Protein chains: 2
Amino acid sequence: MKPASIKDIASKANVSITTVSFILNGKAEKMRISKAVIEKVQAIIKELGFTPNQVARSLRTGNTKTIGLIVEDISNPFFASIARKIEDKAYKKGYKISYSSTENDPVKAKDLIEMFKSRQVDAYIIAPVPGIENDIKRLLADKIPVVIFDRNLPDLEVNFVVVDNFNGTYIATKHLLDSGKKNIAFVTVDLHVDQMNNRLFGYEKALQDYNIQVRKDLYTAVKFDSSDSNTNAQLMTLFENNPEIDAVLFSTNYLAIKGLGVLKQLKKEINKDLSVIAYDDHDVFRLHSPPISVVDQPIEEIAERIIDIVLLELASVNKAVKNREVSKVILQPTFIER
Amino acid sequence: MKPASIKDIASKANVSITTVSFILNGKAEKMRISKAVIEKVQAIIKELGFTPNQVARSLRTGNTKTIGLIVEDISNPFFASIARKIEDKAYKKGYKISYSSTENDPVKAKDLIEMFKSRQVDAYIIAPVPGIENDIKRLLADKIPVVIFDRNLPDLEVNFVVVDNFNGTYIATKHLLDSGKKNIAFVTVDLHVDQMNNRLFGYEKALQDYNIQVRKDLYTAVKFDSSDSNTNAQLMTLFENNPEIDAVLFSTNYLAIKGLGVLKQLKKEINKDLSVIAYDDHDVFRLHSPPISVVDQPIEEIAERIIDIVLLELASVNKAVKNREVSKVILQPTFIER
DNA sequence: ATGAAAGCGCTAACAG
DNA sequence: CTGTTAGCGCTTTCAT
């Protein structure tokens with residue numbers, strides 16, 4: 001049985017569909033529709049369990065009450081937590097979230113934006129991959145609200161919410177140096193995105209500030225889509241070839257998790273043979289014996305700022321077309337010593 | 001600037017919109033449209049970067065190429081991993097995923113189904129909360145594909161993919177008993193859903209099979225939305241009041257993670273003072289010192305079976321209306337000894 | 001082999 | 001205060 005339509009409601013109530021539509025959209029008051037009619041119509045709506053067809057509504061009004069969320073990988077706890085928070089707030093405003101994972105593939109990312117576009121999502125929340133700048137530019141040109149996060153695209157005049165990655169590794173490295181470490185390794189991922197670059201710079205700058213030479217051989221970039229065994233082999237090599245390493249800073253949580261596995265295999269004793277700092281907190285680090293210090297990103301706040309900006313833009317999109325300033329939010333990471 | 005419509009393409013190519021539509025939908029051949037026209041139209045489509053408006057298409061055809069995913073909490077790694085797998089396969093078939101978290105609240109769950117319905121999603125993947133049976137029944141009555149997972153609703157004739165929860169705790173408990181444990185505590189969550197009930201039954205049955213009496217005081221049910229500190233206090237009490245506990249089985253991964261924190265505080269030494277088994281694997285358990293044994297659910301396979309069933313139903317929904325048998329998939333957990 | 005036209009369900013300008 | 005009506009962009013039947 002097909003669901004009831006506005007027409008059915010109208011005929012059953014002996015009113016026009018306009019009347020029903022107005023009541024549905026809370027414009028009954030403004031249109032001075034009689035209380036009696038309003039109540040009658042609402043009773044029938046309830047009786048038939050009628051819900052307006054959002055697709056038809058979208059076609060007519062041009063907005064879908066849907067926000068597109070594009071991240072690298074929704075199963076990464078960092079993104080999953082943000083997704084959850086965003087969903088929560090969006091839901092309260094009647095918005096739904098459609099998500100997609102780019103796997104850091106610009107082609108897929110472009111394709112996803114295309115798909116979302118054809119589905120007419122009202123706004124985009126994107127953790128950008130390199131090479132996607134033009135697609136985002138096009139969105140912006142069409143006055144569609146966009147917020148990017150996690151990574152910034154410095155060339156783009158777009159809302160963003162990022163964490164100060166440079167400072168994150170800077171304070172972590174400084175901490176290691178202050179506690180007397182001399183040979184600090186840095187393990188990162190082979191992605192030349194703004195955020196990873198800055199994490200490297202923070203590490204290097206701290207070393208320089210302490211007049212310690214940056215040693216290329218203590219720096220390892222693991223390929224993004226490297227297999228588990230390749231990653232392990234690469235890390236293994238790093239530690240075996242450089243037994244003088246007395247501390248290691250991992251630039252992502254999943255690398256740190258892999259690294260801990262490798263160190264365990266090598267029977268390196270953490271805090272005795274060497275110190276470990278991870279980036280992005282995770283239960284693993286808190287419960288590890290010994291616990292692992294981390295650079296923590298304020299996930300809740302990231303999510304909140306993102307969705308606030310989106311909802312703000314969404315609310316004002318039909319209002320004054322005054323060119324709103326873009327929001328540039330840079331949050332500070334914190335170092336959690338354990 | 002508004003995006004191009006099929007009309008624009010048609011007029012620019014001097015053909016009717018029908019022709020364009022046929023070409024768009026791969027029906028050009030069948031309609032024997034000349035090659036010249038096809039090529040001309042396609043060139044113009046590419047030139048204008050035209051993509052069909054999926055909303056209009058949906059209104060007309062009644063399908064949105066969107067699947068609604070309703071879980072308890074998308075940020076839970078179990079659900080996030082499944083979400084990722086499902087997204088992947090769905091994407092390849094041109095489907096997008098809209099997700100929502102129920103927070104185990106039947107009211108919210110109902111509301112979500114309502115929202116998805118009004119958005120005309122083509123199919124539902126649901127980790128059901130109690131009290132939602134009727135809403136699912138209604139979906140089924142409307143011949144909308146539904147797959148439920150994680151928890152079964154025994155009263156419903158609906159596709160499901162679940163893991164044998166009874167057997168999961170049974171084998172874990174048996175393992176503990178075989179290694180000579182006598183006072184095995186069971187920590188679970190205060191949710192009387194099929195899946196949690198079965199985990200309790202598996203534990204109890206194993207004890208009975210070994211002629212060991214089930215002791216109520218070694219069983220603790222933490223409230224679902226209990227605060228961290230309350231949960232910790234409750235666990236603390238359990239271990240302090242019952243120093244004879246020589247093993248503990250946690251029925252969820254997040255409870256086990258909290259439990260490990262508490263045991264750490266109590267300075268209990270794992271594998272010496274007592275053994276610990278968790279439910280659902282997690283990096284935390286693998287990397288823990290000592291590593292924690294777990295009952296592992298085959299996440300990949302769960303996701304695969306779910307999406308396969310959904311896509312199958314979606315593909316056959318317009319075909320013969322023969323009443324397809326519902327798929328009942330029960331997967332086996334494995335015990336990972338560490 | 002191609003075009004005209006109806007209509008999916010809804011909103012909102014306009015007319016009474 | 002309420003009704004009529006014109007689309008939103010697309011698919012598809014029917015006609016040519």
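The shown structure was predicted, so the numbers you read here are calculated from the model rather than taken from an experiment. Only this structure's heavy atoms are used, side chains among them; waters, hydrogens and symmetry mates stay out. Throughout, a chain's letter reflects where its sequence line sits, starting with A, and its residues are numbered from 1.
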Taking CZ from A:R119 and P from D:dC10, how many angstroms apart are they, rounded to a whole number? 14 Å
Protein-to-nucleotide contact annotation, 5' to 3' order, nucleotides 10-16 of chain C [B base; S sugar-phosphate only; - none; under 4.0 Å, heavy atom]: BBBB---
Quick one: list whatever passes side chain to side chain contact (heavy atoms under 4.5 Å, CB included) with A:S11, sequence neighbours left out. none
Taking the side chain of B:S34 as its heavy atoms from C-beta onward, which of D:dG9, C:dT2, C:dG3 lies nearest to it? C:dT2
Applying ring-ring contact (aromatic ring centres under 6.0 Å, His included), name anything that partners A:F160, two or more places apart in sequence or on another chain. none
Check A:A90 against A:I307 and note the closest heavy-atom contact, atom names and distance. CB-CD1, 4.0 Å
Side chain to side chain contact (heavy atoms under 4.5 Å, CB included) against A:Q120, all qualifying residues, sequence neighbours excluded: A:T64, B:N53, B:V55
Can you check the A:I9 CD1 to C:dG9 P distance for me, whole Å? 13 Å
Contact class for A:V37 vs. all strands (heavy atom < 4.0 Å): base, sugar-phosphate, or nothing? sugar-phosphate
For B:T19 and C:dA1, is the shortest distance between a side-chain N/O and OP1 or OP2 below 4.0 Å? no
Residues which pass side-chain hydrogen bond (donor to acceptor under 3.5 Å, both in side chains) with A:E114, listed by chain and number, not counting sequence neighbours: B:T51
Applying side chain to side chain contact (heavy atoms under 4.5 Å, CB included), name anything that partners A:A13, two or more places apart in sequence or on another chain. A:V15, A:K40, A:V41, A:I44
Using C1' atoms of five pairs at each end, report the bend of the helix from C:dA1-D:dT16 to C:dG16-D:dC1 rounded to 10 degrees. 50°
Just to verify, what does A:S5 make a side chain to side chain contact (heavy atoms under 4.5 Å, CB included) with, not counting sequence neighbours? A:K7, A:D8
Tell me which donor-acceptor pairs under 3.5 Å the side chains of residues 127-138 of chain A have, and how far apart each pair is, sequence neighbours excluded?
from, atom 1, to, atom 2, distance (Å)
A:E133, OE1, A:G131, N, 3.0
A:D135, OD1, A:K110, NZ, 3.1

